[in-house]
Amino acid sequence: MPTSKPLAQVELCIPSRPEYVGVARLAILGVASRMRFSYDEVEDIRLAVGEACTRSIDRLNGSAAEGHTISLRCLIDANRLTIEVTNPLVPAAPKPPPGESPESLPEGDLSGVLIRILMDEVEAEESQDEGTQVLRMVKYVAR
Amino acid sequence: MPTSKPLAQVELCIPSRPEYVGVARLAILGVASRMRFSYDEVEDIRLAVGEACTRSIDRLNGSAAEGHTISLRCLIDANRLTIEVTNPLVPAAPKPPPGESPESLPEGDLSGVLIRILMDEVEAEESQDEGTQVLRMVKYVAR
Amino acid sequence: MNLRVETRKPREGVAVIALSGEVDVYTSPRVKQEIVDLLNAGTTKLVVDLSGVEYLDSTGLGVLIGGLKRARERDGDLKLVCDNLRILRIFEITGLTKIFDIYRNESEALEKV
Amino acid sequence: MNLRVETRKPREGVAVIALSGEVDVYTSPRVKQEIVDLLNAGTTKLVVDLSGVEYLDSTGLGVLIGGLKRARERDGDLKLVCDNLRILRIFEITGLTKIFDIYRNESEALEKV
Ligand SMILES: Nc1ncnc2c1ncn2[C@@H]1O[C@H](COP(=O)(O)OP(=O)(O)O)[C@@H](O)[C@H]1O
Ligand SMILES: Nc1ncnc2c1ncn2[C@@H]1O[C@H](COP(=O)(O)OP(=O)(O)O)[C@@H](O)[C@H]1O
């Protein structure tokens with residue numbers, strides 16, 4: 001995963017509700033289409049971000065509390081776009097099945113399959129300290 | 001200006017550079033088109049937000065330091081959308097001409113005229129304490 | 001920006017559900033409801049026309065898979081119409097071209113359903 | 001999402017600048033440059049065709065006003081073509097319909113320029 005300071009950064013926070021996933025997709029469309037990605041690559045990124053938000057909403061719907069927020073951070077570099085989708089780690093969220101590490105996307109689910117194929121690098125991270133789950137995705141320009 | 005807690009909130013932070021104003025316009029398009037606004041009203045909001053971001057960029061370009069951020073906060077209610085566009089108050093920003101109060105948009109400039117006509121309520125605020133300038137705009141649904 | 005769902009019945013027991021716009025986590029429940037309503041009313045041969053769809057996510061795919069399953073349980077079927085390469089690619093990536101019969105146009109799908 | 005600028009010269013001293021896409025704080029410097037280059041090269045009768053423009057902001061308006069002023073300083077002119085009601089409304093709101101001659105199509109503007 002890239003670690004150097006990005007050229008530019010865009011952040012977005014949306015309510016974790018289905019009707020706001022479209023806002024994230026539009027914002028990411030704006031970010032990606034200002035980089036040197038092809039039309040198809042922009043569409044790939046848009047779908048991957050939509051899937052990542054949908055996963056966050058699914059997780060949070062397992063929680064009793066309402067009013068959660070999903071945050072997206074876009075790190076823009078000359079040769080790549082990194083997107084971090086973060087949701088709070090809620091107590092009532094379903095536990096991953098035994099044997100499956102929390103760092104990996106569950107296999108076999110459609111959204112996980114899509115995100116892995118559409119993006120060049122994908123990494124999931126859970127921080128008990130910060131109380132967050134992060135999905136970090138990277139797409140490279142003109143690989 | 002509305003003060004009660006909004007139903008939902010969307011936040012966006014972009015670099016204060018011309019190429020990112022389009023990201024703000026797309027995000028606001030997503031927010032507004034999920035409300036009960038007409039096509040023309042959505043376009044009005046999109047243009048007003050673009051103008052507000054352009055004004056922030058203009059102000060910050062008077063500053064020596066690079067890397068400023070513009071933040072947008074959308075407060076979504078059943079009957080109205082409130083958008084706050086905030087930029088840091090930078091030392092080198094051009095002073096308003098004498099006789100003109102800092103709370104008012106300068107008269108006679110095209111972007112100020114557009115914002116006032118396109119939105120239902122407009123209010124500019126400068127906070128020395130927080131070091132920010134905020135433009136707050138409200139559009140009502142089916143007035 | 002949003003989804004339009006238009007259903008017509010070209011013949012007894014057969015329905016064409018034409019979708020246009022975005023099929024995502026927000027809109028796909030409406031597609032599921034439409035399919036469930038048709039099946040419950042005894043219309044079990046379904047053609048879902050995706051020609052006007054510009055965005056399809058995993059939630060939409062899940063609804064189509066569920067619809068196919070439920071239609072077959074009732075001795076019906078669910079065929080797809082799609083000529084958009086972007087959307088076809090999503091079916092290919094996820095291996096769903098093996099599960100769905102996908103036609104280029106509606107009349108072909110109606111012949112086969 | 002972006003702006004296309006296409007210039008052609010239907011006759012000596014006359015240029016049509018056809019814009020399509022978004023004219024905003026990011027893209028309008030390119031329009032200004034095109035106008036300035038044409039004027040400096042002695043082409044002073046300009047028609048700016050906004051038919052393909054879906055978004056126009058105050059920066060774009062400023063560039064057009066500046067272009068009109070500079071063209072007139074050189075005994076030229078700058079006419080606009082626009083039939084998009086949204087875009088026309090922006091000229092009306094800002095009172096700029098009083099300053100610009102705006103035509104529904106290019107041939108009309110070319111006759112008058
Ligand atoms: N390759 C696949 N083949 C068949 N089914 C799949 C495949 N991948 C995922 N599925 C699952 O099949 C489910 C079918 O939906 P269904 O069980 O009817 O759920 P629902 O009741 O929510 O519609 C989808 O939600 C999807 O997750
Ligand atoms: N109603 C108006 N009529 C004429 N000019 C206006 C009007 N409103 C604003 N202007 C100003 O006229 C300017 C014309 O541009 P110009 O002075 O050539 O500046 P530049 O050198 O940046 O192009 C615009 O920037 C705009 O601010």
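Chain identifiers are assigned alphabetically (A, B, ...) following the order of the sequence lines, protein sequences preceding nucleic acid strands; residue numbering begins at 1 within each chain.
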To the closest 0.5 Å, what do you measure between [atom1] ([X]) and [atom2] ([Y])?
{"X": "L12(B)", "Y": "L72(A)", "atom1": "CG", "atom2": "CG", "answer": "10.0 Å"}
{"X": "T69(A)", "Y": "Q9(B)", "atom1": "OG1", "atom2": "CD", "answer": "8.0 Å"}
{"X": "L7(B)", "Y": "R17(A)", "atom1": "CG", "atom2": "CZ", "answer": "7.5 Å"}
{"X": "S33(A)", "Y": "L26(B)", "atom1": "OG", "atom2": "CG", "answer": "7.0 Å"}

Proximal component of I76(B), with respect to chain A [non-hydrogen, under 4.5 Å]: side chain
For Y20(A), does its backbone N or O pair with a side-chain atom of R34(B) as donor and acceptor, under 3.5 Å? no
Might you point out which heavy atoms bring V10(B) and P15(A) nearest each other, and give the distance in Å? CG2-CD, 3.9 Å
